[in-house]
Asker: 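The structure's right below; bear with me while I get my questions together.
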There are 2 protein chains.
Amino acid sequence: MARPRSFNQTAVLTAAMHAFRRQGFAATSVRDLEAAAGVTSGSLYNSYRNKRSLFLAASEHYNHAVLERRIQDHAPKGSGIEGLRQLFLSLLHEPDGGSAGCLVTNSAVEFGDTEIPNFVSDGFDVLRDTFADRLGDDRAEAVALLALYQGVLVLIRAGYAAHDLKKMITHYFENLEERHGR
Amino acid sequence: MARPRSFNQTAVLTAAMHAFRRQGFAATSVRDLEAAAGVTSGSLYNSYRNKRSLFLAASEHYNHAVLERRIQDHAPKGSGIEGLRQLFLSLLHEPDGGSAGCLVTNSAVEFGDTEIPNFVSDGFDVLRDTFADRLGDDRAEAVALLALYQGVLVLIRAGYAAHDLKKMITHYFENLEERHGR
DNA sequence: CACATTATATAATGAACGTTCTAAAATGAA
DNA sequence: TTCATTTTAGAACGTTCATTATATAATGTG
């Protein structure tokens with residue numbers, strides 16, 4: 001009945017997600033997005049109302065395809081504290097030394113002075129609930145892990161020595177296991 | 001010999017610091033800075049080469065006037081773990097619910113994809129060295145506190161429930177004191 | 001093959017940006 | 001008071017931006 005889309009919607013979302021994660025929302029221009037996704041602005045605006053709408057879609061995609069996926073890969077239900085340790089350690093082996101950081105963390109900071117998008121609070125909730133569950137419902141400790149997780153991502157993005165972070169994580173989880181009786 | 005400056009240099013630096021802290025470097029326009037500092041761009045460009053140069057000066061000012069000042073106020077040398085607890089708790093009582101966050105944390109994220117300005121690494125070092133000293137030179141724990149500190153600032157900026165953060169900090173420091181034998 | 005419909009490419013638009021330029025104003029020295 | 005010097009105010013410049021408008025291309029259907 002009409003001309004079909006000539007691009008893969010998920011591929012565009014993934015490309016936009018990477019660009020936004022690396023450079024932030026405001027610093028990523030529509031031309032950057034065209035180049036990253038291999039699609040011209042005409043097509044982007046045909047699928048999304050504006051840059052913000054594409055950003056929000058890419059961010060939801062991030063929460064599922066990257067964040068929840070990472071949890072599933074390293075700290076699935078039942079994996080306990082050991083799963084959480086692996087989850088934290090996995091952050092140290094990201095491409096480019098992890099300089100892209102996390103889209104949730106980065107957006108929390110970028111939008112902190114205005115209105116925080118829902119996907120940020122959602123990302124925090126997913127992490128905290130995962131931590132609490134794997135710890136056997138220790139809420140205060142889960143919030144501590146949430147803060148530690150965000151902080152590690154800030155430090156990694158800023159190029160903080162990965163070796164020091166690894167030692168820190170190792171020590172932290174040794175203590176955590178002792179305190180949670182093993 | 002010539003016309004004197006008609007504005008207070010520290011006041012301009014402080015105003016710029018607040019603007020950059022709230023909105024970030026890129027999102028703060030020179031016109032924003034004019035309004036915040038009560039000085040026109042002509043004067044700003046007469047004193048600073050460009051926006052970035054003013055930003056770097058304002059950031060150095062932040063490290064001394066805000067960060068080191070906060071340490072001195074809450075966790076001076078000799079104050080031990082109790083000082084650190086007060087330092088962390090003080091973050092929960094910032095104006096506007098702390099939505100401005102920390103200029104070091106915010107800049108670590110904003111510039112994470114390019115070159116990190118020196119004041120960011122300096123800020124990290126000051127914090128980590130302070131933590132290590134007050135803990136009696138426990139480096140791994142100091143790095144954990146550095147990450148926790150950055151994470152708390154991210155969460156506060158994103159409007160995370162201050163009540164939960166307070167409980168978390170309280171629990172964290174109870175554990176810390178036990179582990180450091182008291 | 002037309003036709004309706006939707007996608008695509010790119011030009012055009014208007015606003016905002018950082019920076020530079022220009023002229024006036026303010027000072028101390030001569 | 002005249003001069004050299006520096007600061008100040010704000011207009012002007014060129015660029016980049018997100019978005020809209022426009023024209024063309026591709027499809028299934030009749």
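Hydrogens, waters and symmetry mates are skipped; everything else that's a heavy atom, side chains included, is used. Proteins get letters first, then strands, A, B, ... in listed order; numbering begins at 1 in each.
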Asker: Looking at A:R157 and A:T105, would you say the former's side chain and the latter's main chain have a donor-acceptor pair under 3.5 Å?
Answerer: no
Asker: Within residues 2-27 of chain A, find the residues that approach DNA chain D with a heavy atom at under 4.0 Å, and present them sorted by residue number.
Answerer: A:A2, A:R3, A:P4
Asker: Between atom CZ in A:R52 and atom C1' in D:dT19, what is the gap in whole Å?
Answerer: 16 Å
Asker: Within the supplied structure, the quantity of interest is the number of heavy atoms (other residues, nucleotides, ligands) at a distance under 6.0 Å from A:H171 NE2; does it exceed 12?
Answerer: no
Asker: Could you tell me the separation between the CZ atom of B:F55 and the P atom of C:dT19, rounded to a whole number of Å?
Answerer: 14 Å
Asker: Considering only NZ, NE, NH1 and NH2 on the basic side and carboxylate oxygens on the acidic side, decide whether B:K167 and B:D164 come within less than 4.0 Å.
Answerer: no
Asker: Answer yes or no: is there a side-chain heavy-atom contact under 4.5 Å between A:F7 and A:S43?
Answerer: yes
Asker: Determine, stepwise, if the pair A:R70 / A:L91 fulfils side-chain contact (heavy atoms from CB on, under 4.5 Å).
Answerer: CA-CA 10 Å; A:R70 177 185 298 277; A:L91 299 177; 3.8 Å; yes
Asker: Side-chain N or O of A:N50 versus OP1/OP2 of D:dA18: is the shortest distance under 4.0 Å?
Answerer: no
Asker: Between A:R49 (CZ) and D:dA18 (P), how many Å, whole number?
Answerer: 16 Å
Asker: Does the side chain of B:L89 come within less than 4.5 Å of B:K166's, by heavy atoms?
Answerer: yes
Asker: If you take any heavy atom closer than 4.0 Å to DNA chain D, which residues from residues 30-41 of chain B end up in contact?
Answerer: B:R31, B:T40, B:S41
Asker: Is a salt bridge present between B:R85 and B:E82, judged by a nitrogen-to-oxygen distance below 4.0 Å?
Answerer: yes
Asker: Could you point out which residue of B:Y48, B:Y62, B:F111 forms a ring pair (Phe, Tyr, Trp, His ring centres under 6.0 Å) with B:F55?
Answerer: B:F111
Asker: For B:G42 and B:K51, find the nucleotide of DNA chain C closest to each by heavy atoms; which residue's nucleotide sits nearer the 5' end?
Answerer: B:K51
Asker: Provide, to the nearest angstrom, the distance between the CG atom belonging to B:L54 and the P atom belonging to C:dG18.
Answerer: 11 Å
Asker: Expressed in angstrom and rounded to an integer, what is the separation of A:Y45 atom OH from D:dC17 atom C1'?
Answerer: 9 Å
Asker: Does A:S79 reach the main-chain N or O of A:P76 with its side chain, forming a donor-acceptor pair under 3.5 Å?
Answerer: yes
Asker: Which one, C:dT8, C:dC17, D:dT7, comes nearest to the side chain of A:N46?
Answerer: C:dT8
